[in-house]
J.: 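Sharing a structure below in structure tokens format, with a few things to ask.
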There are 2 protein chains.
Amino acid sequence: MATTMSDVARAAGVSVMTVSNVINGRPRVGPDTRARVLGVIAELGYQVNLTARGLRAGRTGTIALIVPRFDHAYFGGLAARLTAGLESVGLHLVVEQSGASPEGELAALSLARLQMYDGVLLSVVGLDAAAVDRIQSTVPVVLIGERDLPPRFDHVTMDNVEGARQAVEHMLRSGARRVAIVGGEVGTPSRTMGSRRTLGWRLAHESLGMAPDPDLLIEIPEVEAWAGAAVVEQMLERGLAVDGVFAVTDEVATGVLSGLHRAGLSVPEDVQVVGFDNLAIGEHLVPRLTSVDPDHDAMVDAMVELVRRRIDADGAELEPRHVVLPSRLALRDSTR
Amino acid sequence: MATTMSDVARAAGVSVMTVSNVINGRPRVGPDTRARVLGVIAELGYQVNLTARGLRAGRTGTIALIVPRFDHAYFGGLAARLTAGLESVGLHLVVEQSGASPEGELAALSLARLQMYDGVLLSVVGLDAAAVDRIQSTVPVVLIGERDLPPRFDHVTMDNVEGARQAVEHMLRSGARRVAIVGGEVGTPSRTMGSRRTLGWRLAHESLGMAPDPDLLIEIPEVEAWAGAAVVEQMLERGLAVDGVFAVTDEVATGVLSGLHRAGLSVPEDVQVVGFDNLAIGEHLVPRLTSVDPDHDAMVDAMVELVRRRIDADGAELEPRHVVLPSRLALRDSTR
DNA sequence: ACGGGCAGGTATAACGATAAACCTTCCGAG
DNA sequence: CTCGGAAGGTTTATCGTTATACCTGCCCGT
């Protein structure tokens, strides 16, 4: 139905190849011919078929970002920044959600989709490690975030341990004695995001010669605001003494702030709170949220750089690179 | 580089067509042949090339959602819901951002991209009306949100006027006398989101026999939290008396709450606040935010339905449908 | 006058998958 | 014994672009 190149060629009285040459700004076309072809294109409203071009050229100019959830603000921010970062180097970003329905099943299904892109940025938070290992793709894949990952992939992550350590240390140094971690992970330290941030919580105590109370390591069913609120309620019901909370993400911290407020506790006077991610919303919570700032721009730059490097290498074997970017604390009003 | 169907065909000693038939579960294949082909596929790690399939079949099974900003929570929620809604009817969603860099230029550029999809859901908030009119696509396009829109497109929107009216009426009925609209639009009522919600604000006053003070119609440079906070600060500096705020979105309301808190005013005692969109975050703000709930699920259902209808019609002319879904107020603690 | 080269264009063959038509066997009914 | 047809495949022709090779004048240097 849509007009094709040969429609244009016929109408302009030239060969399709000439139309192609005009569209792509290639040299071998005379000025009058070029003008005529452009005229016909405008008249017919012709648009190149990117599917056909992609098939023939073997490249689509498109990068995919695959996130577990669209409705987590962290990924919204990441996607926005990446769109800009990639556009500045002539690449286009599309975003897909992996964790839709039956656990990880999607991750398997979408494997074929990856072929459609020139590169894939895959957020592995909440993704089955086995699913990631199953990726046998020829397209460049850059992993984002922490997990037990096959080291054969490029990988960009923030410094979870050090960021968490700074957050907790700050509360301890400003007088907190019982700092809980909400969203921590009990058990063998693996390389998941939660376990790394839990390690930072431990290290902060140790560096000050203190031992963290295991009761203050609190797990949550989902890394979301409601879970943060629910946990605070339970803590207080159980009569657990707490004067500091390190929430593993700003979303959780949002729930924690809300829970504390409802319990009649004031922040930072009664309880200090620190989040992680330094989302824009932190600036507008009540009180404004102190948070670990992962240097979003540097992360995006690293992702863009890594994926470009592989695209330019054109499939040649490259030593995988693992980039860890420093985090620093953004101080606001939820800490003393 | 990637293995193709003919690699598989050769290794299995059959024709490519048979491989295709196996992959697509078509009948004319014997059980033993099928098993052999599947074995080779697994062994070689073959994945169908969706670009090629898309070109030949003329369909990709993929729908695009185009949003102005990834980092606005409303769109994150919409994308998440749509992913689920489309997946349940066998369609896959990808999301792109339109409003990246030089104003709207992208909107023009990405026009060719639309061809790659079986359907496009286009959020027109903040999009140039002329740009929308320039769309001369053969793919089904469903417009989302309000604007001066060419009526030739299908269109889904929430009831902005009535939602806003209910929000403001609620505050007026619970004692507020000076209700500001933050993010309103002055001037000729057009069909933009802001102007419709402003109309609701007017109507609420009129239905109670009151006249809104024009000074309480407050514009903002961006529909974001920081703008809401800044506006509150300015209002109070100017000594403007206010005992109710209708913020045009929950993001703006978040900023308003933060601004009021910093000014030492308490919500809802001194000032009532209502937002719009009923985002998940509203539940966790301090205080919990009363908001207009646009019935997100019904909107998603309508979008899915409209785009499917056009896909099934296979390009045939269809009367464009304009769906407006009712909004209702979700009462929480920021109002009395 | 002749060959080389360049400007301006065309013809052909893919890219990888699929729709549609076609080709064998083999089997059972009449 | 013959013929219709089902089962199980294969062949061929595209889908819309682009890479590559190729063609045709014509101008210019020697």
Side-chain angles (χ1 to χ4, degrees), chain A residues 1-38 40-41 44-62 112-118 138-139 314-315, chain B residues 1-38 40-41 44-62 112-118 138-139 314-315:
Chain A
M1 292 302 138
T3 66
T4 77
M5 243 182 201
S6 56
D7 295 334
V8 175
R10 196 173 319 113
V14 296
S15 70
V16 287
M17 205 53 230
T18 296
V19 177
S20 174
N21 287 331
V22 168
I23 286 173
N24 295 282
R26 277 183 283 249
R28 315 255 106 156
V29 184
D32 43 351
T33 308
R34 178 185 312 277
R36 185 154 31 95
V37 169
L38 287 175
V40 173
I41 286 176
L44 268 53
Y46 167 76
Q47 308 262 146
V48 313
N49 180 323
L50 294 176
T51 303
R53 173 184 284 177
L55 174 59
R56 176 63 236 223
R59 301 177 310 96
T60 58
T62 303
R113 307 191 66 81
L114 305 190
Q115 301 275 129
M116 299 186 58
Y117 302 110
D118 287 358
T138 53
V139 304
D314 200 26
Chain B
M1 291 302 137
T3 65
T4 79
M5 241 181 200
S6 55
D7 295 334
V8 175
R10 196 172 322 115
V14 296
S15 72
V16 287
M17 205 53 229
T18 296
V19 177
S20 174
N21 286 332
V22 169
I23 286 172
N24 296 283
R26 278 183 282 249
R28 312 256 108 154
V29 184
D32 42 351
T33 308
R34 177 184 312 278
R36 184 151 35 93
V37 169
L38 287 175
V40 173
I41 286 176
L44 268 52
Y46 168 76
Q47 310 263 147
V48 308
N49 181 326
L50 295 177
T51 303
R53 174 183 284 175
L55 173 59
R56 177 64 236 229
R59 301 177 309 97
T60 59
T62 303
R113 307 193 66 81
L114 305 189
Q115 300 274 129
M116 298 187 57
Y117 302 110
D118 286 358
T138 52
V139 304
D314 201 25

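Nothing here was measured: the structure is a model prediction, and the numbers come from that model. Below, read A as the first sequence line, B as the second, and so on, with proteins coming before strands; counting in each chain starts at 1.
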J.: For B/Ile23 and C/dG16, give me the distance from atom CD1 to atom C1', rounded to whole Å.
T.: 11 Å
J.: For B/Arg59 and C/dA19, what is the distance between atoms CZ and C1' respectively, to the nearest whole Å?
T.: 13 Å
J.: Just checking B/Arg26: base, sugar-phosphate only, or nothing, at a heavy-atom cut-off of under 4.0 Å?
T.: sugar-phosphate
J.: List the atom of B/Arg36, the atom of B/Val14, and the distance in Å for their closest heavy-atom pair.
T.: NH1-CG1, 4.0 Å
J.: Is the backbone of A/Gly54 close enough, under 3.5 Å, to the side chain of A/Thr60 for a donor and an acceptor to pair up by distance?
T.: no
J.: How long is the line joining CG of A/Leu55 and P of D/dT14, in whole Å?
T.: 17 Å
J.: Please say whether more than 12 non-hydrogen atoms of neighbouring residues, nucleotides or ligands are located less than 6.0 Å from CZ in B/Arg59.
T.: no
J.: Quick one: is B/Ser20 getting a side-chain N or O under 4.0 Å of the C/dT18 phosphate, OP1 or OP2?
T.: yes
J.: I need the CE-P distance between B/Met5 and D/dT14, as an integer number of Å.
T.: 20 Å
J.: Would you name the heavy atoms of A/Thr18 and A/Thr33 that are closest together and state the gap between them?
T.: CG2-CG2, 4.0 Å
J.: Would you say C/dC15 has OP1 or OP2 under 4.0 Å from some side-chain N or O of B/Asn49?
T.: no
J.: Whole Å only: how far is the CG atom of B/Asn24 from the C1' atom of C/dG16?
T.: 13 Å
J.: Can you give me the bend angle of the helix from C/dA1-D/dT30 to C/dG30-D/dC1? Use the axis through the first five pairs and the one through the last five, nearest 10 degrees.
T.: 50°
J.: Between C1' on C/dA14 and CZ on A/Arg53, what's the gap in Å once rounded to a whole number?
T.: 17 Å
J.: Which heavy atom of A/Leu50 sits nearest to which heavy atom of B/Arg113, and what is that distance?
T.: CD1-CA, 3.6 Å
J.: Please determine if a side-chain N or O atom of A/Tyr46 lies less than 4.0 Å away from the OP1 or OP2 oxygen of D/dT17.
T.: yes
J.: Check this for me: does the side-chain of B/Arg56 come within 3.5 Å of the base of C/dA19 through a donor and an acceptor?
T.: no
J.: Can you name the closest pair of heavy atoms from A/Arg26 and A/Val29 and give their distance?
T.: O-CG2, 4.1 Å
J.: Set out, line by line, the N/O atom pairs under 3.5 Å between protein and nucleotides 6-10 of chain D.
T.:
{"unit_1": "D/dG9", "atom_1": "OP1", "unit_2": "B/Thr33", "atom_2": "OG1", "d": "2.5"}
{"unit_1": "D/dG9", "atom_1": "OP2", "unit_2": "B/Gly30", "atom_2": "N", "d": "2.3"}
{"unit_1": "D/dG9", "atom_1": "OP2", "unit_2": "B/Thr33", "atom_2": "OG1", "d": "3.1"}
{"unit_1": "D/dT10", "atom_1": "OP2", "unit_2": "B/Ser15", "atom_2": "N", "d": "3.0"}
{"unit_1": "D/dT10", "atom_1": "OP2", "unit_2": "B/Ser15", "atom_2": "OG", "d": "2.7"}
{"unit_1": "D/dT10", "atom_1": "OP2", "unit_2": "B/Thr18", "atom_2": "OG1", "d": "2.5"}

J.: Whole angstrom is fine here: how far is it from CG in B/Asp7 over to C1' in C/dG16?
T.: 11 Å
J.: Whole-Å distance between C/dC15 C1' and A/Gln115 CD?
T.: 14 Å
J.: Can you see which heavy atom on A/Asp118 is nearest to which on A/Gly58, and at what distance?
T.: OD1-O, 4.5 Å
J.: Say you draw a straight line from CD1 of A/Ile41 to CG of A/Asp7; how long is it, rounded to the nearest 0.5 Å?
T.: 11.5 Å
J.: Quick one: does A/Ile23's side chain get under 4.5 Å of A/Met5's, heavy atoms only?
T.: yes
